[in-house]
Amino acid sequence: MDPAVQLRDLRKHYGGGGQVTALAGISVDFPAGSFTAVMGPSGSGKSTLLHCAAGLDEPTSGTVALVGVPLAGMNETELTRLRREHVAFVFQSYNLMPALTVWQNVTLPALLAGRRPDKEWTRRVIERVGLGERMGHRPGELSGGQQQRVAIARALASRSAVVFADEPTGALDTTTAREVLNLLTQIARMGQTVVMVTHDPVAASYADSALFLVDGQIVRQLPNPTAKAVADELAGLANRPQPGPAPRTSAFQGPAPDGAAFQGAAHRAHAGGQAMAAGFREGTARR
Ligand SMILES: Nc1ncnc2c1ncn2[C@@H]1O[C@H](COP(=O)(O)OP(=O)(O)OP(=O)(O)O)[C@@H](O)[C@H]1O
């Protein structure tokens with residue numbers, strides 16, 4: 001079975017002369033149903049990795065395959081169609097449709113993809129993000145945090161094969177953040193693939209695996225991460241000698257063989273932080 005996301009020797013340079021190297025040769029598989037936290041210091045390439053993996057940004061070289069489909073050579077329309085069918089985003093900016101209610105916003109991706117929204121799951125997701133009483137409200141009638149939660153619910157309700165999340169709990173209170181992380185854990189258990197960028201070791205502890213980037217390279221993969229192990233790893237990375245070549249790592253092949261992460265992740269930790277959602281954007285432009 002194809003991995004949900006496959007990256008091979010992914011490189012991304014910014015600037016005419018390639019002055020900034022955001023990704024320096026990333027090879028990794030995100031198997032279907034895995035939940036991976038992508039971590040690393042500021043500027044290490046986490047967001048670029050997510051954008052390239054989602055087909056929102058074009059790598060300088062290397063390949064991306066989403067649900068077994070190589071993105072190379074696709075035009076924007078084809079990419080949009082692929083994303084609509086298979087990808088959901090919980091990103092650092094969110095754009096809800098102001099004229100639509102919470103319910104309508106959350107069910108819109110399914111409708112646009114030509115699917116019938118699963119009403120029961122949609123209701124559960126909206127309730128789990130704490131907006132059960134607000135389903136008929138429009139974004140303008142909600143607080144900023146509540147709007148972010150709508151965007152999260154929208155991504156989760158779509159049942160897309162892959163959910164890319166960039167700091168999904170950053171702006172949420174502890175209780176709501178825990179709910180969101182439990183939801184992400186749950187959807188991974190149900191077969192969706194979650195790739196989440198986070199700075200928060202506690203949020204990362206919900207994942208099956210944490211992947212650490214430094215200078216655009218994967219330097220470490222931690223299966224079944226605990227918050228403490230992640231925090232220790234980050235502290236170690238901060239103390240790395242500079243500059244130094246990053247060790248080569250082989251492609252990550254997914255959760256631990258015993259599948260323990262799927263069993264334990266939901267119970268491990270509690271998170272706080274900021275949730276930003278964005279989502280699904282039709283014809284989202286590449287950066
Ligand atoms: N559009 C761009 N133009 C030029 N350089 C960019 C662009 N986007 C990102 N970069 C650079 O690429 C590198 C990786 O950036 P990226 O945003 O992926 O890092 P990050 O790990 O997500 O950082 P943070 O944790 O601070 O969000 C950084 O040096 C950044 O300055």
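What you see below is based on every heavy atom in this structure, not just the backbone, and it leaves out hydrogens, waters and symmetry mates. All residue numbers in this chain count up from 1 along the given sequence. For ligands, and for the atoms within them, numbers begin at 1 and follow the listed sequence.
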### Message
Under 3.5 Å, is there a donor on one side chain and an acceptor on the other for D166 and S47?
### Response
yes

### G45-ligand 1 polar pair, N/O distance under 3.5 Å
yes

### Message
Any non-hydrogen side-chain atom of R134 less than 4.5 Å from a side-chain atom of L142?
### Response
yes

### Any donor-acceptor N or O pair under 3.5 Å, side chains R128, Q186
yes

#### Entry: Ligand-side contact atoms (ligand 1) for residue partner V20, heavy atom cut-off under 4.0 Å
11 (C), 12 (O), 29 (O)

### Summary
Atoms of ligand 1 under 4.0 Å from any heavy atom of H199, numbered from 1 in the order shown, are 25 (O)

### Message
Does only the side chain of T48 get under 4.0 Å from ligand 1, or the backbone, or both, or neither? Count heavy atoms.
### Response
both

### Task
Determine, using heavy atoms of G216 and all atoms of ligand 1, whether some pair is separated by less than 4.0 Å.
no

### Query
Going by heavy atoms, is K12 under 4.0 Å from ligand 1?
no

## Note on the structure
side chain to side chain contact (heavy atoms under 4.5 Å, CB included) with L211: of V219, V28, V197, only one passes, and it is V28

### Task
Pull out every atom of ligand 1 sitting under 4.0 Å from any heavy atom of P41, numbered as shown with elements.
21 (O)

### Query
Hey, are H13 and T21 close enough side-chain-wise for a donor-acceptor pair under 3.5 Å?
yes

### Query
Does a salt bridge link R8 with D29, judged by any charged N lying under 4.0 Å from a carboxylate O?
yes

### Message
Counting only nitrogen or oxygen atoms and a 3.5 angstrom limit, does G43 reach ligand 1?
### Response
yes

### Task
Check each of Q19, K46, E167, H13 against atom 25 (O) of ligand 1 and report the one with the nearest heavy atom.
K46

### Message
Could you check whether any side-chain heavy atom of T101 comes within less than 4.5 Å of a side-chain heavy atom of H137, counting everything from C-beta outward?
### Response
no

